[in-house]
Amino acid sequence: MAYNFNQIEKKWQKEWEEKKIFCAKKNSKKKKFYVLEMFPYPSGEGLHIGHALNYTIGDIRARFKRMLGFNVLYPMGYDSFGLPAENAAIRVGVHPEKYTKKSIANFIKQQKALGLSYDWSKMLSTCEPEYYRWNQLFFLKFLEKGLAYRKKAAVNWCPKCNTVLANEQVHNGKCEYHKDTEIEIRYLEQWFLKTTEYAEELLEMIDDLNWPQRIKIMQKNWIGKSHGTEIEFEIIKNDESLGKWPIFTTRPDTIFGVTFMVVSAQHPQLMELVTDEQEKEVKDFLRKIKSVSEKELEEMEKEGVFTGSYAINPLTNEKVPVYAGNFVVADYGSGMVMAVPAHDQRDFEFAKKYNLKIKQVIAGGDIKQKAYTGQGKLINSEKFNGINNEKAKQKITKYLEEKGLGKRKVQYKLRDWLISRQRYWGTPIPIIYCEKCGIVPVPEKDLPVKLPKKVEFGKGNPLETNEKWINVKCPKCGGKGRRETDTMDTFVDSSWYYMRYPDNKNSKEPFDKKIGSYWLPVDTYIGGAEHATMHLLYARFWTKALRDLGFIKYDEPFIQLFNQGMLHAADGRKMSKSLGNVINPLDIIDKQGADALRLTLMSFASPDSDTSWDDKVLQGSSKFLKRIINYFEKVKIGKADVKTESKLNKSIKEITNQIESFKYNLAIIKIRDLFNSLPEKTSKDVLEKFLKLLHPFCPHITEELWHKIGNKTFISLEKWPVADEKKIDESLEKQEEALDKLIRDINNVLKLVGEKKKVFVYVLPNEKEMYLNEVDLIKKRTGLDIMIYAVNDKNKYDPENKSKKVKPNRPGIYLE
RNA sequence: GCGGAGAUGCCGGAGUGGUCAAACGGGCAAGAUUUAGGCUCUUGUGGCUUAGUGCCUACCUAGGUUCGAAUCCUAGUCUCCGCACCA
């Protein structure tokens, strides 16, 4: 049969959509299951193969859970605010809204072509005021609660994006979107969300999540909790005290070994420490480290310059010099560290370079060559001598606390989330600056603050030049006010979109609490690992913040996270246009069909491991589907034999487990195996169950064949088969193996002795019937005529007395 | 530097104490079908050996545990990924 998959796939996609069979049910008594993929940024490029992989994984899960009887919510939406649309607007002169809408329409078309079972009635797009007004509401609530605040800060500025970026968006000093662009540091008034408020909870709750280990570890490292001690050092400049400066250390046990201090070269108060004599030298140094590129900076040695000031060690009262250094992070701890060259490699290198004293305070190692960072007993530490250094950490901290010179402290690497962006295509921050009242939040009743449509692009932030939009009355005093022109980071949009899906049309509130509490949290969330420290962390923060504001009751947004692997090009490199190795999913769908594409994507490897595209796998998958169609053309419906029933039920059991645990590649192997064992004649029930097992992977072809064998319902809504343990008979498999072995033996002998016409098979009397049933198969696979005798058959033909060797499941053979 | 993942046949990739010369797919070879090709089907695909057998060498390298290891332990090599001067 010529199977026109294009036509058939379109037919079923249309049917599914018209009958709305994938809509999540309202007020259902069923248990819910919420499957979600990370929503895409709708670029003009359309769907790429990574999307196809992502959505196929999710669709299989959604279809599987639906068939298992869950009330499934499986929605799709678009993360449609953001720089690329705005940049496209500048480049080609289209309004971002137009560009975005067009891209979304294209995405939807392509996603439908993949046969994804989304509930399209739940769709959302974050650039709609109906959506982003709730960003604004949440912002106001955060502000009220002190979770949003404004401060002047050193921020990361990307000159290409023309905006500020969050720490998470800066990699190796480069912009996430412009990998060749250096981030500049600027001091600006910006809006922040207090993610640090939840640092501890964000860290603690990671362990309970069903997430991939590596993502958990990445988040933990990002939050970066460390226990240590804050110690006060008095700073002396020109014999005058500048008061006490705190420093953070995890090694209070080495305090007696402090021989100098280092303050970050980027420290905002650095110049306060610098004496007149040293001013020129320090400024030269600052200029020097500014002039080197980020890359050089990375490879650069530890360098510094004496500030002219000194610090007093609170325990020894020693006076040690304070240096400014390029290796101290300005906004971690207090931006200043105590340096113990004997026991810290960085300090060691610095001390060697500037000829500073090195004082050993822990016994062990050879500190002539490098710092000793191991364990040991304290020396040169006055009354703490002889104590093991781990113990000394406690004792010294306790002592400092008693003297009021320091305290235990927990320090996190996590910073507050900078959400201000100096760009147009984002959610306006609902704030008005009044000449009299200062910062005034836009009253909730005035929400949404809509983005003005008519703006001029290309000259910085288009909102800044839109006088009509900017100038408003102060909501408090009615006086002259100006709108905040910054918009929110798009990660705000994606921090709660999954809460909106179930109640996406609500115009009174972000979501109905009852509806929300039925569907959320998300049961399975599927996406790439690149969001480990951004989106996934922000979403967790948002969830906790909304919980504390009373919007929701759960603590975590995503119970289970599944990371798909990277699909590389056939040459093993990343797919990229410049390399010309891109596989376009739409091309495959056109030529081989969506089912073949889906099957291929799931066949490469376990969906969470990295792989490369391989055309041969596509051809193999395509061929397999053709064989299935051929088979259904020819199969005779009747009674199923016990062997097939056994194999089927065993397969059901295994495949169900494998799909549940995302081992889709293994499930496909089992499905192929099951298919290969299907006889020419079998029952409708067997065929139906086979189709059901294949259905999540290849929904169209199975829907088609389901109807072809006489069903009127949708296989998509059918019940997942349950294995009947009673029908599984392992001994049948042994027989199967024995038969297989027999055929191989015959062929082997055939090869050894050359051409023969006939094979005589001698079996135990109780096995004779079974082998008689397989005569056709043996004939087919050996190309010989066959005679089967039981060993006790009187008139058997057995010239070499081969029947003497016969054992159970081990027939004797003679060829002639 | 720190942290994580991995290394299996010609290739992709299963397998995680015995039933393993190792699933499934691909490639390749031979045969059947065919006017031919494609499709489809059958067989073979570490080495030697044998009327269906037996043996040897194999799952990165080197050791070890065990009656027995691709599978567990130790050390090392290589590859990929994440963080990167966080005191």
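Side-chain atoms are counted along with the backbone in the values below, which use heavy atoms only and exclude waters and symmetry mates. In what follows, chains are A, B, ... by sequence order, proteins preceding strands, each numbered from 1.
Defined by atom type and a distance below 3.5 Å, a donor-acceptor pair is present between the side-chain atoms of Thr229(A) and Thr397(A). For the residue pair Asp416(A) and Thr196(A), a side-chain donor N or O sits within less than 3.5 Å of a side-chain acceptor on the partner. A donor and an acceptor atom, one from each side chain of Tyr797(A) and Glu816(A), are located under 3.5 Å apart.
To the nearest angstrom, C1' of rG26(B) lies 14 Å from CH2 of Trp613(A). To the nearest angstrom, P of rC28(B) lies 13 Å from CD of Gln619(A). The distance between atom CZ of Phe327(A) and atom P of rG1(B), rounded to the nearest whole Å, is 19 Å. With rounding to whole Å, Lys220(A) atom NZ is found 20 Å from rC2(B) atom P. Atom CG in Asn221(A) sits roughly 7 Å away from atom C1' in rC83(B) (whole-Å rounding). Atoms NE2 (His568(A)) and C1' (rG12(B)) sit 14 Å apart, rounded to a whole Å. Taking atom CD1 on Ile669(A) and atom P on rA23(B), their separation rounds to 11 Å, with Å as the unit. For the pair Leu777(A) CG and rC41(B) C1', the interatomic distance rounds to 12 Å; values are reported in whole Å.
Across all strands shown, Gly812(A) has heavy atoms under 4.0 Å from base atoms, whether or not it also approaches the sugar-phosphate. Across all strands shown, Pro212(A) has no heavy atoms under 4.0 Å from either base or sugar-phosphate atoms. Thr250(A) comes within 4.0 angstrom of the backbone, heavy atoms only, and of no base. At a threshold of 4.0 angstrom between heavy atoms, the contacts of Lys670(A) with the nucleic acid are absent. Among the protein residues, Ile746(A) comes within range of no part of the nucleic acid, since none of its heavy atoms lies under 4.0 Å from any strand. Across all strands, Leu815(A) comes closer than 4.0 Å to base atoms (heavy-atom distances). Residue contacts shown for Ser226(A) are limited to sugar-phosphate atoms, with no base heavy atom under 4.0 Å away. As judged by a 4.0 angstrom heavy-atom cut-off over every strand, Lys626(A) is placed among residues making no nucleic acid contact. Residue Tyr814(A) is in base contact, counting any heavy-atom pair closer than 4.0 Å across all strands shown. Within the 4.0 angstrom heavy-atom criterion, only backbone atoms of the sugar-phosphate kind lie near Asn747(A); the bases stay farther away. Within 4.0 Å (heavy atoms only), Ser612(A) reaches no atom of the nucleic acid at all. Here Val617(A) lies out of heavy-atom contact (under 4.0 Å) with every strand. Across all strands, Val328(A) comes closer than 4.0 Å to base atoms (heavy-atom distances). Looking at heavy-atom distances under 4.0 Å, Leu666(A) makes contact with sugar-phosphate atoms alone, never a base.
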Legend entry - Derivation of the side-chain hydrogen bond (donor to acceptor under 3.5 Å, both in side chains) call for Tyr631(A) and Glu680(A): CA-CA 8 Å; Tyr631(A) 173 77; Glu680(A) 284 165 27; over 6 Å; no

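The shortest distance between side-chain heavy atoms of Phe697(A) and Leu601(A) does not fall below 4.5 Å. Side-chain contact between Leu739(A) and Ile778(A) is present, with at least one heavy-atom pair separated by less than 4.5 Å. Counting heavy atoms from C-beta outward, Lys647(A) and Ile728(A) have side chains that stay 4.5 Å or more apart. Contact annotation: the side chain of Tyr664(A) never approaches that of Ile655(A) to less than 4.5 Å [non-hydrogen atoms, C-beta and beyond].
Distances were taken from every side-chain heavy atom of Lys616(A) (C-beta onward) to each of rG3(B), rG26(B), rG25(B); the shortest belongs to rG26(B). Listed nucleotides rG13(B), rC41(B), rG27(B) differ in distance to Ala605(A); the shortest reach to its side chain belongs to rG13(B). Proximity note for Leu752(A) (side chain, C-beta onward) versus rU50(B), rA23(B), rU53(B): the nearest is rU50(B). Comparing rG25(B), rG4(B), rA51(B) by their nearest atom to the side chain of Arg214(A) picks out rG4(B). Comparing rA87(B), rC24(B), rU53(B) by their nearest atom to the side chain of Arg810(A) picks out rU53(B). Side-chain proximity of Lys302(A) to rA14(B), rC85(B), rU53(B): nearest is rC85(B). Checking rA87(B), rG25(B), rU53(B) against the side-chain heavy atoms of Tyr332(A) singles out rA87(B) as nearest.
Here, rG76(B) and rG68(B) have their C1' atoms 26 Å apart, quoted to the whole Å. Nucleotides rC83(B) and rG64(B) place their C1' atoms 35 Å apart, quoted to the nearest Å. Between rU16(B) and rA70(B), the two C1' atoms lie 8 Å apart (nearest whole Å). Here the separation of rC59(B) from rA69(B), taken at their P atoms, is 12 Å to the nearest Å. Rounded to a whole angstrom, the distance from the P atom of rU33(B) to that of rC28(B) is 22 Å. With P as the reference atom, rC41(B) and rG9(B) are 28 Å apart, rounded to whole Å. Rounded to the nearest Å, the gap between the C1' atom of rA21(B) and that of rC10(B) is 15 Å. Rounded to whole Å, the separation between the C1' atoms of rC67(B) and rA62(B) comes to 24 Å.
In this structure, Glu800(A) and Asp347(A) both approach RNA chain B, and ranking their closest nucleotides by distance from the 5' end singles out Glu800(A). Heavy-atom distances to RNA chain B give each of Thr611(A) and Lys413(A) a nearest nucleotide, and the one nearer the 5′ end belongs to Thr611(A).
Distances shorter than 4.0 Å separate none of the side-chain N or O atoms of Arg744(A) from OP1 or OP2 on rU42(B). The side chain of Arg627(A) places an N or O atom within less than 4.0 Å of a non-bridging phosphate oxygen (OP1 or OP2) of rC41(B). Using a 4.0 Å cut-off, no side-chain N or O of Lys780(A) falls inside it from OP1 or OP2 of rG31(B). Taking 4.0 angstrom as the limit, Lys623(A) places a side-chain polar atom (N or O) nearer than this to OP1 or OP2 of rG26(B).
With a cut-off of 3.5 Å on both pairing distances, the Watson-Crick and G-U wobble pairs of RNA chain B assemble into stems of 3 or more at B:1-7 with B:77-83, B:10-12 with B:24-26, B:27-32 with B:40-45, B:46-48 with B:54-56, B:60-64 with B:72-76.
For Asp614(A) and Lys616(A), the salt-bridge test fails: no basic side-chain N is under 4.0 Å from an acidic carboxylate O.
Phe662(A) and Phe562(A) have parallel rings, their planes meeting at less than 30° on a 0 to 90° scale where 60° marks the start of perpendicular.
Of the possible polar contacts, none joining the His227(A) side chain to the Lys409(A) backbone as a donor-acceptor pair under 3.5 Å is found.
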